[in-house]
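If you're wondering where the values come from, they're calculated on a predicted model, not measured in any experiment. Atoms considered below: every heavy atom in the structure, side chains included; atoms not considered: hydrogens, waters and symmetry mates. Quick note on labels: first sequence line is chain A, next is B, and so on, each numbered from 1.
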Amino acid sequence: MASFPLNLNEQQQQRIHKLDVLRGQGLDPYPPRSQRTHTSSEAREAFLATEGVADSVAPEVTLVGRLQSLRVMGKLSFAHIEDGDGRLQLLLRRNDLGNEAYDRFRKEVDLGDFVQATGPMIRTRAGEITLQVQTWQLLAKALSPPPEKWHGLQDVETRYRRRYVDLAVNPAVRQIFRVRSRIVTNVRRYLDDHGFLEVETPVLQPLYGGAAAQPFITHHNALDQDLYLRISDELYLKRLIVGGLERVYEIGKDFRNEGISTRHNPEFTQIEAYQAYGDYYDMMTLAEECWATVAQEVLGTTQITFQEHTVNLKPPWHRLPMHEAIRDTAGVDIDADRDFEALHAHVVERKLHIEPQKTWGRLVDELFKEYVEPTLIEPTFILDYPVEISPLAKRKPDAPHLVERFEFFVAGMEVGNAFSELNDPLDQLARFEAQQKAHVAGDEEAHPLDEDWIQALMFGMPPTGGIGWGIDRMTMLYTNQSSIREVILFPQLRSKD
RNA sequence: GGGCCGCUAGCUCAAUUGGCAGAGCAACUGACUCUUAAUCAGUAGGUUACAGGUUCGAUUCCUGUGCGGCUCACCA
């Protein structure tokens, strides 16, 4: 018996009493094995294969599953059990089971219990394909009752904190995570088919990098050394490009120590891919082809509906240089106002403020986020970012204040980031030094100087295109979920108590 | 971190102006051999998130705390 205070409610106490009754009858409420012969859909198919066929015999099956409904009508009862394939009805008759087995089902079994039932498949008078139970067995007793049967579990907090209940009673939630799994599988397949090698790089890193974010810090006891949880995979994957692995990718968790919102979870899943001898144009092709292919495979169409928007992921996507986008929406020509003060005047005029890094690039970024981002409904690549906010990307040869970088947007949501990778070690060093200045000036998300990465670049890296996007946000778009918590099985919540 | 909203039975929700805390489902007892939101009769189930305050009296009004949702800021 439980030796810790469980604060059992009345229904739980009743169910524990039933455990004692069952054990008193010499029955194990938690037997070690089951003997399934068919899943619910296999049993249904087996029945349909024989129904109406002359001289055929109804198939005899053994099904297992969780009891989801029970309708007792005296000497006849109906129930539904649910397995991984779906629901199937059970018919139990006193005549078939005998008094003892029938009464035990009525008295000792509760909604939520796992049961096993054996018998022939039949069709009831109401037309439902049903297992006519001859023998049955309890597989696992549930001590807590399931939520109410037609409103189900709706409380969002309880759904996230007790996801097992959510999954058990809300089929739509199960479907989201099936889609998520198939998205990951198909992204992987696309990259595998295009010659990319899947690799794993450290989550625990002596120095973090690859993005503008604050890290989580942890400690290794034996080494007596602080380590960071990675904020991106970028610099390790690019080390592999230096090492001669020409196409690599990784799908894994990144960790960013920032606010939580409907679009941000502290740990999130990102795909990053790097292609030697490629550039950011190759990454655009990769993104639009991969997203369209995955949508076709997973959803059966390249058209997706997200909230009030319906968009088509079919290539080619819009390609819009950032300065054009800002000119067309904000009415500011950033090419004309190349210095901080001139552009700052426009920003002040529009009552925007920038913190903490006061650079020309941040002003551009601010204008972009305010005016352009909300307009990006159709899948769109925004090209050519300011160098100050892109310390790992290669400069545009004809415009060295910009870099060959794009971010892409679908249905108003930023989903990914890519660039022609900076492979000039001395320029990389200069960029890191600029980041250090920004850090001193108060930008806590400035990129730290990674000396080992400079060493790697000095060994020589070919021209390379790299891309990353969020699997969580991709799943949000493909399943039409407006909160990232709906596509993460166990989203981060504050601990209770 | 700011603003707004929410927290009542296992679940979904009510409760009038501050006046006995209720319903449906689930549970328990009974009837019922083709139901499927089964039906019918009956029973039980509450620290109204928590801590204070006002009041003869608080689910209701006030203050604080916790947790959550949305949103703004920040970010991806």
Once the angle between the rings of Phe408(A) and Trp317(A) is folded into 0 to 90°, is it parallel (under 30°), tilted (30 to 60°) or perpendicular (over 60°)?
-> tilted

Does the U33(B) base have a donor-acceptor partner in the side chain of Asn95(A) within less than 3.5 Å?
-> yes

For the side chain of Glu128(A) and the base of U36(B), is some donor closer than 3.5 Å to an acceptor across the two?
-> yes

Would you mind telling me which of [options] lies closest to the side-chain atoms of [X]?
X         : options                : value
Leu493(A) : G69(B), U35(B), U33(B) : G69(B)
Glu148(A) : G68(B), G10(B), C28(B) : G10(B)
Val156(A) : G69(B), U36(B), U33(B) : G69(B)
Glu10(A)  : A44(B), C34(B), C67(B) : A44(B)

Determine which nucleotide pairs with [N], using a 3.5 Å limit on both distances of a Watson-Crick or G-U wobble pair.
N      : result
C25(B) : G10(B)
A49(B) : U65(B)
G30(B) : C40(B)
G1(B)  : C72(B)
U60(B) : none

Under 6.0 Å from the NE2 atom of His309(A), do we count more than 12 heavy atoms belonging to anything else shown?
-> yes

How about Glu100(A): does its CD atom have over 12 heavy atoms from other parts shown lying under 6.0 Å from it?
-> no

[X] side chain near [N] phosphate (N/O to OP1/OP2, under 4.0 Å):
X         : N      : result
Lys18(A)  : A27(B) : no
Thr262(A) : U71(B) : yes
Arg125(A) : U33(B) : no
Lys149(A) : A26(B) : yes

Taking the six-membered ring where the residue is Trp, are the ring centres of Phe432(A) and Trp453(A) under 6.0 Å apart?
-> no

Closest-nucleotide ordering on RNA chain B, the 5'-leading residue of Arg473(A) and Gln11(A) | Gln11(A)

Hey, which sits more toward the 5' end of RNA chain B by its nearest nucleotide, Gln14(A) or Ile122(A)?
-> Gln14(A)

Please give, in whole Å, the distance from A73(B) P to Glu370(A) CD?
-> 8 Å

Nearest-Å distance for atom pair CD1/C1', residues Ile484(A) and A76(B) = 9 Å

Are side-chain heavy atoms of Asp113(A) and Asp110(A) found at a separation under 4.5 Å?
-> yes

Would you say whether Phe268(A) stacks on A76(B)? The test is a distance between ring centres of less than 5.5 Å and an angle between planes of less than 30°.
-> yes

